[in-house]
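The structure appears right after this line, and notes come after that.
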Amino acid sequence: MNEFQKIWLDAYRDYLKAISITGEYCPADYTAAREHADAVLNSLIKAGEVK
């Protein structure tokens, strides 16, 4: 797994952990988690933190 994939997956998992204590999710939660992970990775790339 490359650095980009690890950052994205960590952000995705962390988002899902943060929104549900019980671990039960609806389909919209997965979409929101994906969008969050995309935004995190894009922000780091734009800031030059990830190369």
Side-chain angles (χ1 to χ4, degrees):
M1 181 179 299
N2 69 35
E3 184 179 4
F4 292 116
Q5 292 170 321
K6 183 173 179 351
I7 291 168
W8 189 94
L9 187 57
D10 288 344
Y12 183 84
R13 287 179 179 160
D14 291 344
Y15 184 91
L16 288 176
K17 286 179 194 173
I19 62 168
S20 178
I21 295 170
T22 64
E24 295 182 22
Y25 309 108
C26 70
D29 294 335
Y30 295 105
T31 300
R34 187 189 76 240
E35 291 170 354
H36 169 74
D38 289 347
V40 167
L41 187 57
N42 287 334
S43 293
L44 290 173
I45 292 169
K46 287 179 184 176
E49 297 292 325
V50 178
K51 298 178 186 211

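Residues passing the side-chain contact (heavy atoms from CB on, under 4.5 Å) test with Glu24, sequence neighbours excluded: Thr22. In this view, Lys6 and Asp10 satisfy the salt bridge (Lys or Arg N to Asp or Glu O under 4.0 Å) rule, not counting sequence neighbours. Contacts of Tyr30 classified as side-chain contact (heavy atoms from CB on, under 4.5 Å), with partners at least two apart in sequence or in another chain: Tyr12, Leu16, Tyr25.
Distance check: Ile19 CD1 to Asp14 CG gives 12.0 Å after rounding to the nearest 0.5 Å.
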Donor-acceptor contacts under 3.5 Å from residues 35-47 side chains, at least two apart:
| from | atom 1 | to | atom 2 | distance (Å) |
| --- | --- | --- | --- | --- |
| Asp38 | OD1 | Trp8 | NE1 | 2.6 |
| Asn42 | ND2 | Asp38 | O | 3.2 |
| Ser43 | OG | Ala39 | O | 2.9 |

